Amino acid sequence: MKIQTTAKMTTFKEYAFSISILSWYFVRNESEESDKTIQETLLNGDNGNGNVNPLELKEETKGSDTVTPFSNAGILSLLTFTWVGPLIAFGNKKTLDLEDIPQLDSGDSVVGAFPTFRDKLEADCGAVNRVTTLKLVKSLLISVWKEILVTAFLALLYTLASYVGPYLIDSFVQYLDGRRLYENQGYVLVSAFFIAKIVECLTQMHWYFRLKQIGLRFRALLVTMIYNKALTLSCQSRQCHTSGEIINFMTVDAERIGVFSLYIHDLWLVVLQVTLALFILYKNLGLASISAFVTTIIVMLANVPLGSLQEKFQNKLMESKDTRMKTTSEILRNMRILKLQGWEMKFLSKITELRDAEQGWLKKFLYTSALTTFVFWGAPTLVSVVTFGTCMLIGIPLESGKILSALATIRILQEPIYHLPDFISMIAQTKVSLDRISSFLRLDDLQSDVVEKLPPGSSDTAIEVVDGNFSWDSSSANPTLQNINLRVFQGMKVAVCGTVGSGKSTLLSCVLGEVPKISGFLKVCGTKAYVAQSPWIQSGKIEENILFGELMVRERYEKVLEACSLKKDLEILSFGDQTVIGERGINLSGGQKQRIQIARALYQDADIYLFDDPFSAVDAHTGSHLFKECLLGVLSSKTVVYVTHQVEFLPTADLILVMKDGKITQSGKYANLLNIGTDFMELIGAHRDAMSTLESLDGGKTSNEISILEKAVNTAGIHKEVNKDEQNGDKGEPKGQLVQEEEREKGKVGFSVYWKYITTAYGGALVPFILLAQILFQALQIGSNYWMAWATPISADVEAPVEGTTLIEVYVGLAIGSSLCILVRALLLVTVGYKTATILFNKMHLCIFRAPMSFFDSTPSGRILNRASTDQSAVDTDIPYQIGSFAFSLIQLIGIIIVMSQVAWQVFMVFVPVIAISIWYQRYYLPSARELSRLSGVCKAPIIQHFAETISGTSTIRSFDKQSRFHETNMKLTDGYSRPKFNIAAAMEWLCFRLDMLSSFTFAFSLIFLISIPPGIINPGIAGLAVTYGLNLNIMQTWVIWNFCNLENKIISVERLLQYTAISSEPSLISEEENRPDPSWPAYGEVDIQNLQVRYAPHLPLVLRGLTCSFRGGMKTGIVGRTGSGKSTLIQTLFRIVEPTAGKVIIDSINISTIGLHDLRSRLSIIPQDPTMFEGTVRSNIDPLEEYNDEQIWEALDKCQLGDEVRKKEGKLDSSVSENGENWSMGQRQLVCLGRVLLKKSKILVLDEATASVDTATDNLIQQTLRLHFTDSTVITIAHRITSVLDSDMVLLLSQGIIEEYDSPTTLLEDKSSSFAKLVAEYTMRSNSNFEKSVDH
């Protein structure tokens, strides 16, 4: 008979119990000296400089300013967990926030514990990358050896105390039967029972609490190890693991090792428990105890194959989950492209396929665990059947006292049996996790000897490379860069140019020390600052991105903003430089991100600046301003190496390096190269062609007009913007941050959540059957024990009521019945749980994929990924059991109460008030517990987000030498997560202690009642049965309430999944038949825009403020304007990524708002600003929807000049593309996007700054290809290079969301006062290398 005794099984679940509740918060990173409050506001794990400036400072002391009372609580307070009382009381008065939760003790805080742990580990292994799993375990255990000894002692006491009851039952039954051995024996027995109960209760609480504390430490230490390792990984090691997998080490593996701490003592405890049980059985049943022992061993062994199967399925499940999460995160990153191309449903089906594979393993895993459940609930019954059967066979007399003692013992024995498979699978899972982590820690770090760093000012050579050969892939035969010889003196400006894929970016990475060195040597003298080609922006305020951990010096800061022309942009943003940037800078335009990156580099005031083509992402106007103000102005005395595709930036360089195929083919000054350079001439030639177009457009007028204009522009200063818009930044506009704080449900989880969950699968039809099976099981269990107590004599001299054989036959019959009920219940529960998980997954994903783009802009992908991984896992594997065990324990509790009241209904007098008090306690505890678990969820997300950001920006972080600051932030965030977890554990034990005390009193009362009744009134056997059940009363009662609290915490995962099934979706993808456009639509490609007004969200200001114009069919239109003038927004409106607030867009006389999104998006083509490739093959990248045959694909590849490149690769069209297309250069990725468009052959083509990351030659190639193949299409170009719009039929100049000019380029150029003419003049002037003059001004 089984009444689950301790909560170990679910303690595991409970320990993982709030992994799921992830909403997002600010985690303020407290530093000891700062006593600012933590705001529950926008999630930003770390705001750049590690200290969040709260929006308000509250005067009174916060919980977060004090260290937890645990560290200096008195002995009584510690024993009874009173020290956590104030927090629980506070949680009853108001909703707890992170600021109300005290700091951890220095021993538990990772800031305090990590340095010693790291030193021990390094001393043990020599270096972190020589760590073995064994040494890692050893170091972890050494870090908590005191706690381990204390918990071992507590576990020993607990085990001894728990066997006192079963040992004394026989004496108690004999006493009731009238055999008094000495005076007051009854009271002695009652006291023994009671004291044992109290000891058992106290030791168990503290044992568990201390183990959870150890678990938190393990987790924090490992997370910190993994984070620090990720910052030092070499690029090649980085390729072994995607960012998703690395994040999994942290969220899944470290968590699991933390949970394992609960199982540390299980191995020796099992041996102890089995030994004690056998001793009691031997005392009662003599030799028959041996058969009990043998059966126990057999049952334990039967688990081993089940356990290993379960482990195998668990591993496969984890692997398939990794793959799915990797794809999901890639898709979320590129959602905008998928929406623009109308591919999102295709990619959703990819995820569904991956999930199907995962579900295959999930199903196997769940059904295996259902079998394990069956074996373990059946085990005690089997053991007792065999034991009593043996007694009959060898003639040992069965007396009810002895039988009851045996039953109670076997029930306790069931616990170690029950937990053994759990323990085995835990060991297996933990070993897998430890192996995964240690193998990650063993990966190669960046070679530290690539760069020889000289102290600043010690040499007049800033960078020197002699015979350098570098290769990203050390195993490949031909290095990425060969025979590099280079010497850059302090203060030189070095330009690097060359065609796409020639190794320009790699050269900069070498100087940073990111590329493994094969031979040669490389010296760098001074501090470095680096600006990457694709901007890396942290989520946080703009100001924090620019300061990047430095102190604010207002004067320097203003100067940097001025140089990067960010002043204007900040004026437009509602919160200026306090605006919170979304994840990956989502609410900034490409140019703004790039300029913030440049500002960050300038503010660092380094000696050497490395720029990887940052000027390409901004328009011509801003580009020349940046070049002039930053490179030639602020950095005039610094060493600067810049990669550029813009030929006009070359003449000012002191040295130009021309790269081709990984070699520096030529170097020298501009003038010298013009005379000798062949490769250089190719690049320049392409540019000259473009410029000559400009001259001819200008009607071949003498260039003196241009020079007059130049002077005008120079004197007016580059910032002479058209001022008329500055005034109309409507003050009445609603303002608000883009990334809103994550919705975190407050208060009780509504009943509707449970109801929805229960009725999701089969409309809830199977639920009554599950409950029925459990009720039958309980009835048969009690029946069989009742039968044994009633049908056996009290002592040897009493006549037995039934024959021995009948006794056993009935018992076996009842036992088989109860086991079958358990099997049915376990299988049904798994079936319902599995079906529900599937339905919820599909619903949520469909809603996410159909959500409008604004949802992704304002929701950091971490929030979505959290729901798809942690919350989904909880729904897959935990919640069905959680709901099940609550219902089952409730049924068992009712069973116990019925049995006890059979004997002594008077127990109800105590029982009713005790239950009432218990419920009151539980109500008192719940508000705090619930908020604490939500908080621990909320505090987990920032760790993941900060980690993900770090992984994507490692090269930038390393180039600025900011690793230590990022380590600190990570440790503070980790502690922020441990704080609520630590208090959850304490609050849990606080409640359990009080409930256990109450039920121990109930039990003591019923014992006193039994001994005070005169003998003969009650059947002693049945009274004994009541005591046997009563031994479990406290556990059962705590178990019910505990399960309920746990369920409340777990169900939050369901609540969070359901939240995302209610996102408002985009308009329908395909319109009704009568509205569907003709298959040939748009036949002309005429676009008519009428009074178009657009804002990104109801609380944000208008971006487009009433545009009216039309693009005629087959015409080429160029759109120009400063960064942030609304160019990209106009395009997004054309694709209905953003719906117009007012006005309409009409294409070929159809209002685009009336047709389905896929109808619209599939008929338009776009080459987006960020060239995107997905993990997969060349074929799946060019034709994701699989609509074209190989021949057509090859034709498109040849047209976009990638044919030969792809033919060279082994797999041809099936050659692989890595995550984000990282094994292709930026330029090649752009050509792939061109290939997609050539395949689609739409009537309307949009180029969104498509030529930003390519050199002029490739640019001309793209332009020619488009001219050739899209002669009769409407082409709309957003351009930064003025040359790319000069041959357009029309030019549209936007300024702050309003049309400033719209005419043909020739007309606009003739009017010298037009803004367009000024832009062109500036561009030509820039190209005519007048920079030297402008610097001298």
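Keep in mind that what you see is a predicted model, and the values were worked out from it rather than measured. Position 1 is the first residue of the sequence, and the numbers go up from there.
Donor-acceptor pairing under 3.5 Å is recorded for the side chains of Ser1053 and Asp871. Of the N and O atoms on the side chains of Tyr881 and Thr373, not one donor lies less than 3.5 Å from an acceptor on the other residue. Side-chain atoms of Lys321 and Ser873 form a donor-acceptor pair, as typed in the model, at a separation below 3.5 Å. Asp876 and Tyr834 share no donor-acceptor pair across their side chains, judged by distance under 3.5 Å alone.
A donor-acceptor pair under 3.5 Å is formed between the side chain of Thr836 and the backbone N or O of Val832.
Here Phe279 pairs with nothing under the ring-ring contact (aromatic ring centres under 6.0 Å, His included) rule; sequence neighbours left out. A search for ring-ring contact (aromatic ring centres under 6.0 Å, His included) contacts involving Tyr282 returns nothing, not counting sequence neighbours. Among residues two or more places apart in sequence or in another chain, the salt bridge (charged side-chain N to carboxylate O under 4.0 Å, His left out) test is passed with Lys402 by none. Every residue two or more places apart in sequence or in another chain was checked for a ring-ring contact (aromatic ring centres under 6.0 Å, His included) with Phe374, and none qualifies. Annotation: ring-ring contact (aromatic ring centres under 6.0 Å, His included) contacts of Phe172 (sequence neighbours excluded): Phe193.
Pairs passing the side-chain hydrogen bond (donor to acceptor under 3.5 Å, both in side chains) check and including a residue from residues 822-832, sequence neighbours excluded, read Tyr367-Thr831, Gln774-Arg825.
Between Phe1005 and Phe1009, the ring planes are parallel. Angles under 30° get that label, and only those over 60° would be called perpendicular.
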